[in-house]
Amino acid sequence: VARYGSFMEKDVVLMPSYVNIGAYVGSRTMVDTWATVGSCAQIGKDVHLSGGVGIGGVLEPIGAKPVIIEDGAFIGSRCILVEGVHIGKEAVLAANCTITASTPIVDMRSKPFETIKGYIPPRSVVLPGVREKEVDGGKIYLSCVYIIGERKESTNLKTSLNNALRDYNVSV
């Protein structure tokens, strides 16, 4: 279902999903089953939003930044991206990554590890995780995501089914 006021470029594949008002979805992008694209989210070309992905919107609060997913990104099943998170070109997020504006993004490619927030660099491969934190009374484990490397040819092969479906105009 695409709401009035959202914009889909040519050849977008919408499985039973939901795209809210003001959202933009680039050509050849697949919005898979039960995925939702929130108001004013900006989804690039050749992106795959896997089943159950939740992309946040900006109807409230006023002035909130939209979620941006650049061209060629692969967003794994049940990922949640909200609060103006920006996903770089051709990044790959494994299933169940939850990223908000305050979620620590730990880049394991740097020594020592660098922690950033709100932005996944282009071609990054990202996994969900937890970080230990000392608090009064003991230790707790908080959600984070880890950048474990960069997209390689082997990663492209794992995500290539989408390209085959697009190239041969196969509907599933």
Side-chain angles (χ1 to χ4, degrees), residues 1-107 114-129 142-147 150-151 155 159 161-163 165-166 171-172:
V1 174
R3 292 282 304 263
Y4 176 77
S6 53
F7 182 79
M8 307 305 146
E9 281 192 1
K10 185 178 182 196
D11 297 326
V12 168
V13 178
L14 288 176
M15 302 304 279
S17 55
Y18 186 80
V19 178
N20 207 348
I21 191 166
Y24 174 88
V25 181
S27 65
R28 295 171 43 97
T29 287
M30 176 180 275
V31 182
D32 214 335
T33 306
W34 304 121
T36 58
V37 178
S39 60
C40 302
Q42 306 294 299
I43 312 299
K45 298 175 191 230
D46 296 313
V47 170
H48 184 99
L49 301 179
S50 299
V53 164
I55 306 298
V58 297
L59 288 178
E60 292 181 15
I62 293 174
K65 293 184 344 186
V67 171
I68 297 171
I69 301 176
E70 293 184 18
D71 297 348
F74 183 92
I75 310 301
S77 183
R78 307 290 187 235
C79 285
I80 299 171
L81 306 173
V82 297
E83 299 175 357
V85 167
H86 185 151
I87 308 299
K89 184 176 182 176
E90 297 179 340
V92 176
L93 277 60
N96 293 311
C97 289
T98 298
I99 307 175
T100 70
S102 60
T103 301
I105 299 166
V106 181
D107 191 342
E114 179 183 1
T115 299
I116 57 177
K117 293 185 178 175
Y119 178 69
I120 300 292
R123 299 189 60 79
S124 296
V125 176
V126 181
L127 299 177
L142 301 173
S143 179
C144 69
V145 295
Y146 291 102
I147 299 174
E150 293 192 15
R151 188 173 179 150
T155 310
T159 61
L161 174 60
N162 299 320
N163 293 332
L165 294 173
R166 291 178 186 123
S171 59
V172 291

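It should be emphasised that the depicted structure is a prediction, and the values quoted were computed from it without experimental measurement. Computation of the quantities below employed the complete heavy-atom set of this structure, encompassing side-chain atoms and omitting hydrogens, waters and symmetry-equivalent molecules.
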query: Just by modelled atom types, is the Gly44 backbone N or O under 3.5 Å from a matching donor or acceptor in the Thr29 side chain?
result: yes
Closest non-hydrogen atom pair, Glu83 against Val67: N-CG2, 4.3 Å
- prompt: So does Arg28 pair up with Asp46, basic N to acidic O under 4.0 Å?
  reply: yes
task: Name all residues meeting the ring-ring contact (aromatic ring centres under 6.0 Å, His included) criterion together with Tyr24; count only those two or more places apart in sequence or in a different chain, and write none if there are none.
output: Phe7
- prompt: Checking Ser124 side chain against Val126 main chain: does a donor-acceptor pair fall under 3.5 Å?
  reply: no
message: Tell me whether Gln42 contacts the main-chain N or O of Cys40 through its side chain, where contact means a donor paired with an acceptor under 3.5 Å.
response: yes
message: Treating Glu9 as the side-chain partner and Gly26 as the backbone partner, does any N or O pair qualify as donor plus acceptor under 3.5 Å?
response: no
message: Distance check, rounded to the nearest 0.5 Å: Ile87 atom CD1 versus Tyr119 atom OH?
response: 9.5 Å
message: Looking at every non-hydrogen atom in both residues, tell me the closest pair between Val37 and Ala23 and how far apart they are.
response: CG1-CB, 3.8 Å
query: What are the two closest heavy atoms between Met15 and Thr33, and how far apart are they?
result: CB-N, 3.5 Å
query: What's the spacing between Ser77 OG and His48 NE2 if we round to 0.5 Å?
result: 8.5 Å
message: If I compare all heavy atoms of Pro104 with all of Thr115, which pair ends up nearest, and what's the gap?
response: CB-CG2, 3.9 Å
task: Verify, without hydrogens or angle tests, whether Arg123 (side chain) and Arg151 (backbone) share a donor-acceptor contact under 3.5 angstrom.
output: yes
task: Taking all heavy atoms of Cys79 and all of Asn96, pick out the closest pair and write down the distance.
output: SG-N, 3.9 Å
query: Is a donor on one side and an acceptor on the other found under 3.5 Å between the side chain of Asp71 and the backbone of Lys45?
result: yes
message: Just verifying a value: how many Å separate Ile75 CD1 and Ile80 CD1, rounded to the nearest 0.5 Å?
response: 12.5 Å
field: Closest non-hydrogen atom pair between Pro121 and Ala91, with its separation
entry: O-CB, 4.0 Å
- line: Rounded to the nearest 0.5 angstrom, the OG1-CD1 distance for Thr36 and Ile55 is 7.0 Å
- prompt: For Ile21, does its backbone N or O pair with a side-chain atom of Ser39 as donor and acceptor, under 3.5 Å?
  reply: no
